[in-house]
Each structure stands twice: as C-alpha cells, then as structure tokens.
Student: 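This is the structure, below, for whatever I ask next.
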Amino acid sequence: MPELPEVEVVRHGLEPAVTGARIDAVEVLDERSLRRHVGPSEDFIERLTGATLLGAVRRGKFLWLPIAGPSVLGAEPPQEALVAHLGMSGQVLLRDVDAEASALTRVRFALTHPVHGPLRVDFVDQRIFGSMAIDGLLPTPDGAAAGYGMPLASIPSQVAHIARDPLDPAFDERLYRRRLAAKRTTVKRALLDQTLISGIGNIYADEALWAARVHYDQPTETLSARKSGELLAEVRTVLRRALVEGGTSFDAQYVNVNGASGYFSHSLRAYGQQGTPCARCGRLIVREQFMNRGSHFCPRCQRIR
DNA sequence: AGCGAGCCCTGCGCGC
DNA sequence: TGCGCGCAGGGCTCGC
C-alpha cells in the first residue's frame, strides 16, 4: 500500500495523539506482526507498558515512535523506538477506548495522553507484511535529523540502511545523482531501491516516470544528467501532490488514522490506467509485467532512448 | 553488483 | 452459487 505520502498522512495523524502519551497496556493479537521484533511478544509488551512516547518520525515508508529514556526528568535522549512498517496493507487507527477491534487488528495499545486523555491505537494489517518492533536508536552518520517529525539525529538500527527520502531537507541530491549514474540497472528498479532513494513504491514510480516521459526499463547509465534531474523533480512533485490529497486509496486498505480515504487515485495518469488514453498524447496506456508487478506507461511518450 | 525467484500473508474480483 | 486464478501501495534473503 502505503508509500511515502500515505505513511506521512499516518505519521501526521499519529503525532498529536502519541506525543507525550503513556502506554498503559499492549495487546498482541497476532505474533506474526512482531516478526521484526527481536525477542518474544512478552518482551515487546513488557518494554512498552508504562513507557512514554515522544513523537512520531518517518523516513521513506518507515515510521517510528521514540520512547522516553529511564530518567525521570527526561533529560537523556531516547535510546529506543517503537518501529512500524505498514507493508502492503497496514493501517494505524486511533479509536475510542471502548470501540470493538476489527478482525484484522494485530496489535492494540491503550494510551493516556496528558491533554486528550485515554485513547486506543490499533495496528491493523490484512496481509501481515507490515510489522512492529522495538529497536535501538543509532546516531545518524551525517548528524542531521533522522527523518521527518522530530529533530532527533538518531535512527532505529532496522532503518539505518534506508536512504533519505526526496522530501527530506537532508536528502543529498548530488550523492543520489552520482550513485544513480554509477548503477548498472534500469531506472524503475533504481527508483524502487530504498537504499538509494526511499519512499517511492510502484504507484509513484509509474507516475513520476510518466510525468518525466521516461521508460521504466531505460538503463540508468543512459539517462542524461538533465533527464535524471527532471525525473527527481517529478518524483518530488507527485509525492507532494499526493500528500496534499491525503494519499492514494483504492479501497479500505489505505486510510488515515481516522479511517478516511485519500483522493489521489483520481489524479493517477499511469498507474492502473491501462487501456485508457494517455492524458498527454491520447495513445492507450499499457501495462507490462515487471519485477513481479505491473508497470504502467505510455508507449508513445515513454520510450527507451 | 545485480537480478530473479521465493517467501512472508489475506482477501477481493473475475471468468468459467 | 461455487471455485480457482490472478491480482494487490513492500521488503528481505538466497543462489547464480
């Protein structure tokens, strides 16, 4: 599901609810959702119960909630965080304390916020490709804030290999362009490589490639510096636009923390548009199998050259 | 280094 | 109506 805009919508909704909130209780309804947690679910529950959450941070498609250190004064920087990845179908929902959990709820948290009072956070995930874990925080190599949401220069160890995303002020565009040019691969594969540039998934890769008129299978070393710059600009544009519209929802699988859908599906020009005319030239959009998924593009506007 | 395949899963919509 | 198949916003690991 969720790519950068959808995860950011979730982070943004979660931030005011969890910042400064204390975890009163944790319920693990399906252990498979803790696949990436090192240790048993009892350990996950024990370490979180009574802990205070400090905020909500995102890099690419990863989300984490730093946990207050043991100091009563809270003067020490946090040492660990609750890390969440939504996978293909994960949701984080804010619910009333007495609301029924849906059948697909995998982990539930009861929180008390100093201002808003008691609330519940449900981690819902149909396919269980998403996960939650407690993870240690490491200093960022460049000393900059690790992600969007808190000015904290430390990152969960599980997220350390993930590149900064293109909306991150500390995203190093020169480094990205250099690494992209040095790669011996094709351009969509590179856009989906989260260790090169993060936050882009199948939808926004196809949308940005369409906007930049680049074929998904174009070898990266044949992409001119100018085209490469245009493509990155289109990536940023499409991510920002999708964010403004609340993300892309095709069905109930993607919703914000209040259960509402996003509107960007109405703005898609390539993804899922096979058989409909290209908005630029009128030629029918084509869908091809690529990396075990669909790639959608205009055969006239987007050619390998 | 890069790539394809396989794996982790559930549920939906479609065609027969 | 029922069933099988293909499809789905991701990512990690392995062997070539």
Side-chain angles (χ1 to χ4, degrees), chain A residues 1-11 29-38 58-63 83-92 102-106 123-133 135 156-163 165 179-209 216-217 219-221 235 238-239 242-243 245-256 261-268 270-275 287-296:
Chain A
M1 107 160 221
E3 306 182 34
L4 186 154
E6 293 78 29
V7 180
E8 176 54 27
V9 167
V10 170
R11 189 209 66 78
L29 303 174
D30 197 319
E31 307 237 344
R32 294 174 296 176
S33 289
L34 301 188
R35 192 175 298 123
R36 294 177 63 132
H37 179 75
V38 179
R58 181 195 52 74
R59 174 186 288 201
K61 306 172 197 173
F62 280 83
L63 186 63
V83 180
H85 194 287
L86 304 180
M88 291 281 262
S89 55
Q91 307 171 353
V92 181
S102 82
L104 301 175
T105 302
R106 311 301 184 187
F123 181 70
V124 178
D125 189 7
Q126 181 197 105
R127 294 177 71 182
I128 323 186
F129 287 173
S131 64
M132 290 193 139
D135 194 16
S157 70
Q158 292 180 2
V159 191
H161 66 295
I162 300 294
D165 62 65
R179 288 188 61 202
L180 179 70
K183 271 192 171 294
R184 290 294 172 270
T185 187
T186 53
V187 66
K188 182 169 174 182
R189 203 179 283 283
L191 288 182
L192 295 177
D193 179 353
Q194 305 295 305
T195 68
L196 174 68
I197 182 170
S198 68
I200 306 163
N202 206 34
I203 295 180
Y204 300 114
D206 282 1
E207 292 302 306
L209 288 165
Y216 70 88
D217 219 12
T220 46
E221 72 263 35
V235 164
V238 73
L239 293 178
L243 192 47
E245 294 182 38
T248 301
S249 304
F250 299 121
D251 51 39
Q253 285 309 316
Y254 167 68
V255 290
N256 69 13
S261 293
Y263 293 97
F264 196 71
S265 59
H266 304 287
S267 305
L268 296 174
Y271 186 88
Q273 305 305 303
Q274 63 271 25
R287 177 185 190 276
E288 283 179 7
Q289 199 74 15
F290 178 70
M291 290 175 78
N292 278 327
R293 308 174 148 144
S295 257
H296 313 75

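Just so we're on the same page: letters track the sequence lines, and every chain starts at 1.
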Student: Between dG11(C) and Arg35(A), is there an OP1 or OP2 to side-chain N/O distance shorter than 4.0 Å?
Tutor: no
Student: Considering heavy-atom distances to DNA chain C, does Phe250(A) or Phe62(A) have its closest nucleotide positioned more toward the 5' end?
Tutor: Phe250(A)
Student: Select base, sugar-phosphate, or nothing to describe what Leu192(A) touches, counting heavy atoms under 4.0 Å on all strands.
Tutor: nothing
Student: Return the nucleotide paired to dC14(C): Watson-Crick means purine N1 to pyrimidine N3 with N6-O4 or O6-N4, wobble means G-U with N1-O2 and O6-N3, both under 3.5 Å.
Tutor: dG4(B)
Student: Kindly point out which of dA8(C), dG10(C), dC12(C) is positioned nearest to the side chain of Arg287(A)?
Tutor: dA8(C)
Student: Compare the minimum distances between each of dG11(B), dG2(B), dG10(C) and the side chain of Leu104(A), then state the nucleotide with the smallest one.
Tutor: dG11(B)
Student: On a plain distance test, is the side chain of Arg293(A) in donor-acceptor contact with the base of dA8(C) below 3.5 Å?
Tutor: no
Student: Would you say a side-chain N or O of Gln194(A) is under 4.0 Å from OP1 or OP2 of dG11(C)?
Tutor: yes
Student: Can you figure out which of dG10(C), dG2(B), dT10(B) approaches the side chain of Arg32(A) most closely?
Tutor: dT10(B)
Student: Just N and O in the side chain of Lys183(A): are any of them under 4.0 Å from OP1 or OP2 of dA1(B)?
Tutor: no
Student: Considering only side-chain heavy atoms of Thr185(A), which listed nucleotide, dG2(B), dC12(C), dG10(C), is closest?
Tutor: dG2(B)
Student: Within the side chain of Ser249(A), is there an N or O that forms a donor-acceptor pair under 3.5 Å with the backbone of Gly262(A)?
Tutor: yes
Student: Answer yes or no: does a side-chain N or O of Arg189(A) lie under 4.0 Å from OP1 or OP2 of dC3(B)?
Tutor: yes
Student: Closest to the Arg36(A) side chain: dC12(C), dT10(B), dG2(B)?
Tutor: dC12(C)
Student: Under 4.0 Å between any heavy atoms, over every strand shown, what does Tyr204(A) touch: base, sugar-phosphate, or nothing? Just pick one.
Tutor: nothing
Student: Quick one: do Arg36(A) and Asp135(A) satisfy salt bridge (Lys or Arg N to Asp or Glu O under 4.0 Å)? Show the steps, please.
Tutor: CA-CA 9 Å; Arg36(A) 294 177 63 132; Asp135(A) 194 16; over 6 Å; no
Student: Taking 4.0 Å as the cut-off, does a side-chain nitrogen or oxygen of His85(A) come that near to OP1 or OP2 on dG10(C)?
Tutor: no
Student: Counting distance only, does the side-chain N/O of Ser89(A) pair as donor-acceptor with the main-chain N or O of Arg127(A) below 3.5 Å?
Tutor: yes
